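Everything quoted here is computed from the prediction, not taken from an experiment. Numbering starts at 1 and runs along the sequence shown.
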Amino acid sequence: YYVKLWLVDTGCGHDLVSLASVRELENMFKTGGSEVVFATANGSTPAQGRVKLQVPGLDEIINPYILANTPAVLSVGRRCRAEGYSFL
């Protein structure tokens, strides 16, 4: 578990993590397939793959996209759509 603080975001549809926070896991990065490019406040940013992480507070294993520079983000919307979470 490499990320200590997560931003729980209602506006982002994907889980995200910064390259710096998971660099030690580089041998576990999953790349390939079609490139995913995010529209960010700093312009277009390509994902550098995904990595499997555990989020102990949620008892979840996630596969966030890795971006060069981003806060660690957990998507509320994705959890509501795909995981059965509720948002009130």
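- Legend: residues meeting side chain to side chain donor-acceptor pair (under 3.5 Å) with Arg81, ordered by chain and number and at least two apart, are absent.
- No single ILVMFWY cluster, assembled from side-chain heavy atoms under 4.5 Å apart, contains both Val36 and Ile66.
- Interatomic distance, Lys52 NZ to Lys30 NZ, rounded to the nearest 0.5 Å: 6.5 Å.
- Using a distance-only test at 3.5 Å, with no hydrogens or angles considered, a donor-acceptor pair links the side chain of Ser21 to the main chain of Ser18.
- A 4.5 Å side-chain heavy-atom check between Leu19 and Gln48 finds at least one atom pair inside the cut-off.
- How far CG of Leu58 is from CG of Leu74: 6.0 Å, rounded to the nearest 0.5 Å.
- Taken from CG in Leu16 to CG in Asn69, the straight-line distance is 11.5 Å, to the nearest 0.5 Å.
- Atoms CD1 and CD, on Ile62 and Gln54 in that order, are 10.0 Å from each other to the nearest 0.5 Å.
- Rounded to the nearest 0.5 angstrom, Leu7 CG and Asp15 CG are separated by 11.0 Å.
- By the 4.5 Å side-chain criterion applied to Ile, Leu, Val, Met, Phe, Trp and Tyr, Leu88 is assigned to no cluster and stands alone.
- Rounding to the nearest 0.5 Å gives a distance of 7.5 Å between CZ of Phe87 and SG of Cys80.
- Taken together through direct or relayed side-chain contacts under 4.5 Å among Ile, Leu, Val, Met, Phe, Trp and Tyr, Val51 and Trp6 form part of one hydrophobic cluster.
- Asn63 contributes no side-chain N or O that, together with a main-chain N or O of Arg50, makes up a donor-acceptor pair within less than 3.5 Å.
- Screening residues 15-58 for ring pair (Phe, Tyr, Trp, His ring centres under 6.0 Å), with sequence neighbours left out, gives His14-Phe38, Phe38-Tyr65.
- Remark: the backbone N or O of Val76 is not paired with any side-chain donor or acceptor of Thr10 at under 3.5 angstrom.
- Scanning both residues, Ala47 and Leu67, for their nearest heavy atoms gives CA-CD2, 3.7 Å.
- Tracing side-chain contacts under 4.5 Å through hydrophobic residues (I, L, V, M, F, W, Y), one never reaches Val8 starting from Val73; they form parts of separate clusters.
- In this structure, Leu53 is a member of the same hydrophobic cluster as Tyr85, with clusters built from ILVMFWY side-chain heavy atoms closer than 4.5 Å.
- Using a 4.0 Å cut-off between charged nitrogen and carboxylate oxygen, Arg78 and Asp9 do not count as a salt-bridge pair.
- Other residues, nucleotides and ligands contribute only 12 or fewer heavy atoms inside 6.0 Å of the CD atom of Glu24.
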